[in-house]
Amino acid sequence: MTPLLLDGKVASAALLDFLKPMVETLDPKLVVIQVGDDPASSSYIKQKVKSCEKVSMRSDHIHMPEDTTIDTLMQKIDELNNDADVTGFFVQLPLPDQLRGHEPEIIKAISPMKDVDGFGAYNLGKMFLSKEFEHLPPATPSGIIRLLEHFDIEIAGKHAVVIGRSNTVGKPVAIMLLNRNATVTVCHSKTSNLADIVRQADIIIAAVGQPKMITADMVKDGAVVVDVGIHRTDEGLCGDTDFDALLSKVSAISPVPGGVGPMTVASLIRNCVTAKERQMALR
Ligand code: GUN
């Protein structure tokens, strides 16, 4: 049987359609800070700005030079924290070498009210409490959940195996799945018997960062697969899973590109709407 394609273009378009009237009423503004010229970052930022345009949301792209110092970046963050017209902002990662060690302090400096990336301790902590407290959840995990929900994939009672334990995807998506009553296993580079564990999964979230690492022999018949990876190879773009080989085994799978990527961007816009609602309620 042909598996269901978890098409992120379709699901994100539905989410953006839902958000558009709210954007019109609330008029939020997103600011993206880019330091340096990482080509992947430039491309992600372009997609984010384009999606803002789709829903007629205001956005600003602040492009700082490669050799920006931590003091200059912190000043900019302070300025945006105090600018009442800015609803939300984030610093695109990865950062140039001289700033990389400062990532925790950079994330900490962003006001929790404006942390639309949801990377700060306050918003991560709220997400930890329960589904009802997920106020500004990290955009990629939130997009993954929305993708599953859009296609009516049952989460409660399922065994979800998350491969990858990053602070931005693996750990938070594991918590969000747990908040929705999945039984969750988190695997990582030191996991022994990875294939045996993945073979038990009803839902596989592949966020390893290695091209086509999840092969057909690691997947049980009828599993649902969400592929978070994106890699440029000689044969074109691919994800963390061997998509073509998995097609004959799975019941649903997200493509790369066009799966999780568009959902991340739409979730970021959703966070801008949520942030603006909260800011107006407190004013
Ligand atoms: N780099 C890749 N994805 C992201 C993201 O969602 N947020 C930030 N700040 N940087 C990223």
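Only a predicted model underlies this, so the values are computations on that prediction, with no experimental measurement involved. Both ligands and their constituent atoms are indexed starting at 1 by order of listing.
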Got an N/O contact under 3.5 Å between [X] and ligand 1?
X      : result
Tyr44  : no
Asp117 : yes
Leu93  : yes

Requested in this report: Please check if the side chain of Asp227 supplies one atom and the backbone of Asp240 the other of a donor-acceptor pair under 3.5 Å.
Outcome: yes
Query raised in the report: Within the side chain of Lys114, is there an N or O that forms a donor-acceptor pair under 3.5 Å with the backbone of Leu80?
Result: yes
Query raised in the report: Is it true that Val91 lies under 4.0 Å from ligand 1, counting heavy atoms only?
Result: yes
Query - Full working for side chain to side chain contact (heavy atoms under 4.5 Å, CB included) between Lys48 and His61 - result: CA-CA 10 Å; Lys48 287 171 185 176; His61 176 191; over 6 Å; no
Query raised in the report: Can you tell me which residue and heavy atom of the protein come closest to atom 2 (C) of ligand 1, and the distance to 0.1 Å?
Result: Gln92 NE2, 3.6 Å
Report task. Could you tell me which atoms of ligand 1, counted from 1 in the order shown, lie closer than 4.0 angstrom to a heavy atom of Phe90? Result -> 9 (N)
**Report entry** Note: Asp196-Arg199 ion pair, threshold 4.0 Å (strictly below)
**Finding:** yes
Query raised in the report: Is Arg146 salt-bridged to Glu149, cutoff N-O under 4.0 Å?
Result: yes
